[in-house]
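See structure below.
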Amino acid sequence: MSVHKCVTRRAFLSASAMSALALAGCAAGSENQPAETPEATEATTAISVDDLPWWKKSIVYEAYPKSFQSSKGAETGDIAGVTSRLDYLKELGVGAIWLTPVFVSPMADNGYDVADYYNIDPPFGTMEDMDKLMAEAANRDIKIVLDMVVNHTSNENAWFVESSSSKDNDKADWYIWRDPAEDGGAPNNWRGIFGGSAWTYVEARDQYYLHTFLPEQPDLNWDNEAVRKEVANVFNFWRDKGAGGFRVDAVTYIKKPEGLPDGDAESDGFAPIHNATANTPGILDYLHELRDSTIAGTDCFMVGEANGVQASELSDWVGESGVFDMVFEFSHMDLDGHDASWIDAHSWKLVELKDALSATQANTAANGWCPVFFENHDQPRCVINFFPEGSNTDQAAKCMATVQLGLRGTPFLYEGQELGFANVAWPSIDYYNDPSSHNQYNAALAKGHTEEEALACVHRFSRDNARTPMQWDTSNNAGFTTGEKTWLPVHDDYATQNAAVESDQADSVLNYFRSMAALREGNDILLAGSYEEVAHDHEQVYAYVRELDGKKVLVMANFTNEEAPLDDLASQLTDAATILMDSYGDVPDVSSVLRPLEARVCEL
Ligand code: GLC
């Protein structure tokens, strides 16, 4: 076995590799300390595949219906469009589709502002369309997972309309109302997540209501039992219709701290609401109640969007005494700190990504399970987010596919990820629909940055990067609609990055995803095996071993644009080791140097 060795890691990592990493945000010299280092290399527990419920063996595919497929030549996609693509998703190996919200909504935040939880928003279709989607999906053994937005509603929801009409109506206490401060201003200094005060005044009550996100998204008062009961009714309505699971939006914010105290003000005079309200003690009592009164005892699963829950807290949230089957925990998605401010995002180094992923693994090893995700509708494309600037995005997409489908947990793919979609860079802020892009742009200008710098951070982090129309073929508007217009521009790379072209190309990103999905589906070690990170100090390569009943699989991925020697990894490779998958496709020697962005899966 030939193994490329070098003297020290630092000696090997060339200056150009270092600067490429730094440009991408992944800096070899970052000062930031990982939060969970001690657990990072502990092995997780293996269990038998037969013991796994369906959702632990499935790949979940997140579809953003507004951008997935129009069935009727419209600017936006619809439910029938998703139904028309079920065969494509089946071929990809998908076992469940998470649909972002399709309920009646004025679309201030693209459906995350629900005006009526019991009906479908007309541009998305009808209840019959939803019934048909569920039935057609079931025929293909695919479940539909619905997105429940219950921290807040739309301000056009009948509940809020009634609540805001007076102080003494039946729903007067369904939202969080407070009297003005002595000077008539907002009751406290919290800044909403999308910018500006988290409070909006309503004359009819001479009071302010609280909104964690936009003013059009008033927060429900979960301390009110009637609210909690109605939320459970909403879940049960959709459970009884046949939903296979629920993603619970922004769930860490549902409980507010007693007295709603001011936070530490930043330079704009506001304190971030996230710091004040995320994961407030007592929240889990409400969530246990929700689980017990909805999906307990069924085979539905519930995954929470748990921004603000640390990996070390996962055991309270998932597993035997937890409330969720999985939670989206974001430490690996926010290594650059962009969650707080896009313009202030900083560089990071590969070891921090390893630490974050390993901490999630370690904290769900003996108890619980995790989703494995690198993209969603709120995040930039992973080929830009995790790899050096200027990387070959197809190679980066395959590298990440290997890491994602090799890890322990349920992979959540986001539409377009399987085609290697990259970010967009539109010429002005006026092109952007996403409200947070406008807020972050304005915040950057307010901090004294130029328009060019402000736009650059929007290019890098805008949520619209993930929301451009799906690219199905080379026809007009990439086959997303037969109409002339699309609600967001189609990415200009659609001639190469589309489902039809990639289906026919043996070495495409799509076919690589299909192969990795098939490998995972047929490999008990990848489905149920334990996880142990190896070669932790390797600055270019993330590597881990999965193990079940004494059998092992090694996954290694070079995150740089330089060749990476195996170094300590070579000691993992027995003489009998064989390659199960290689992202370059040409199956080199099992122990050969990893080429730029190359990922390899080996049976040991
Ligand atoms: C979640 C959603 C995001 C939405 C926000 C408010 O973070 O993923 O898209 O804007 O909640 O509902």
Side-chain angles (χ1 to χ4, degrees), residues 60 62-68 76 98-115 117 121 145-157 160 175-176 190-196 198 200 209-220 222 231 234 246-254 256 272-274 277-279 302-309 324 326-331 333-334 338-340 342 371 373-381 412-415 432-440 458 461-468 487-488:
V60 182
E62 183 189 354
Y64 197 73
K66 193 171 181 180
S67 296
F68 193 66
T76 56
W98 154 20
L99 282 188
T100 59
V102 288
F103 315 110
V104 175
S105 166
M107 294 281 154
D109 187 22
N110 284 315
Y112 285 92
D113 45 322
V114 180
Y117 292 91
D121 203 36
V145 175
L146 295 175
D147 204 330
M148 308 312 275
V149 188
V150 288
N151 171 67
H152 47 271
T153 68
S154 160
N155 59 336
E156 293 184 22
N157 191 303
F160 185 75
Y175 293 83
I176 300 170
W190 293 350
R191 186 201 309 115
I193 286 177
F194 290 154
T200 293
Y209 66 87
L210 182 67
H211 46 88
T212 301
F213 296 91
L214 296 173
E216 292 87 347
Q217 295 169 297
D219 280 34
L220 283 163
W222 276 68
V231 166
V234 171
F246 297 103
R247 180 251 186 194
V248 191
D249 183 68
V251 72
T252 30
Y253 303 118
I254 61 167
K256 318 298 190 250
I273 191 170
H274 172 88
T277 63
N279 204 0
M302 217 158 74
V303 56
E305 187 199 24
N307 213 333
V309 171
F324 286 105
M326 303 176 262
V327 298
F328 293 111
E329 181 267 305
F330 286 89
S331 54
M333 300 298 286
D334 194 34
H338 79 274
D339 218 18
W342 294 358
F373 71 106
F374 295 100
E375 283 192 15
N376 67 28
H377 64 283
D378 294 327
Q379 299 288 337
R381 293 295 182 174
F412 278 68
L413 303 186
Y414 180 69
E415 67 178 46
Y432 287 82
N433 167 283
D434 164 31
S436 66
S437 296
H438 289 267
N439 285 318
Q440 296 282 350
V458 170
F461 294 111
S462 175
R463 304 193 301 174
D464 285 344
N465 284 311
R467 299 176 182 183
T468 61
W487 76 284
L488 285 180

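Start at 1 and go down the list; that is how both ligands and their atoms are numbered. Numbers here are sequence positions counted from 1.
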Heavy-atom pair of closest approach, residues Tyr253 and Asn307: OH-CB, 4.0 Å

Distance flag, aromatic centroids of Phe373 and Phe328, threshold under 6.0 Å: yes

Atoms of ligand 1 close to His152 [distance to a heavy atom under 4.0 angstrom, numbered from 1]: 6 (C), 12 (O)

Stepwise side-chain contact (heavy atoms from CB on, under 4.5 Å) test for Val149 and Phe103: CA-CA 10 Å; Val149 188; Phe103 315 110; 5.7 Å; no

Closest contact, heavy atoms only, Glu62 versus His377: OE2-ND1, 2.7 Å

Per-atom contacts, ligand 1 versus Arg463 - under 4.0 Å to a heavy atom: 3 (C), 4 (C), 9 (O), 10 (O)

Taking atom 11 (O) of ligand 1 as the reference point, the nearest protein heavy atom with its distance: Asp249 OD1, 2.9 Å

Per-atom contacts of ligand 1 with Arg467, taking only distances under 4.0 Å to non-hydrogen atoms: 9 (O)

Criterion side-chain hydrogen bond (donor to acceptor under 3.5 Å, both in side chains) against Lys66, the qualifying member of Asp121, Asn110, Thr100, Thr76: Asn110

Arg247 to ligand 1, any heavy atom closer than 4.0 Å: yes

Parallel, tilted or perpendicular: rings of Trp98 and Phe412 (30°, 60°): perpendicular

Residue, atom name and distance, where the atom is the protein heavy atom closest to atom 5 (C) of ligand 1: Phe213 CE2, 3.8 Å

Shortest non-hydrogen contact from Thr212 toward Asp219: OG1-OD2, 2.5 Å

Contact atoms of ligand 1, heavy-atom distance to Asp109 under 4.0 Å: 4 (C), 5 (C), 6 (C), 10 (O), 12 (O)

For atom 9 (O) of ligand 1, the option (of Asp378, Asp434, Thr252) bearing the nearest heavy atom: Asp378

Per-atom contacts, ligand 1 versus Glu305 - under 4.0 Å to a heavy atom: 1 (C), 7 (O), 8 (O), 11 (O)

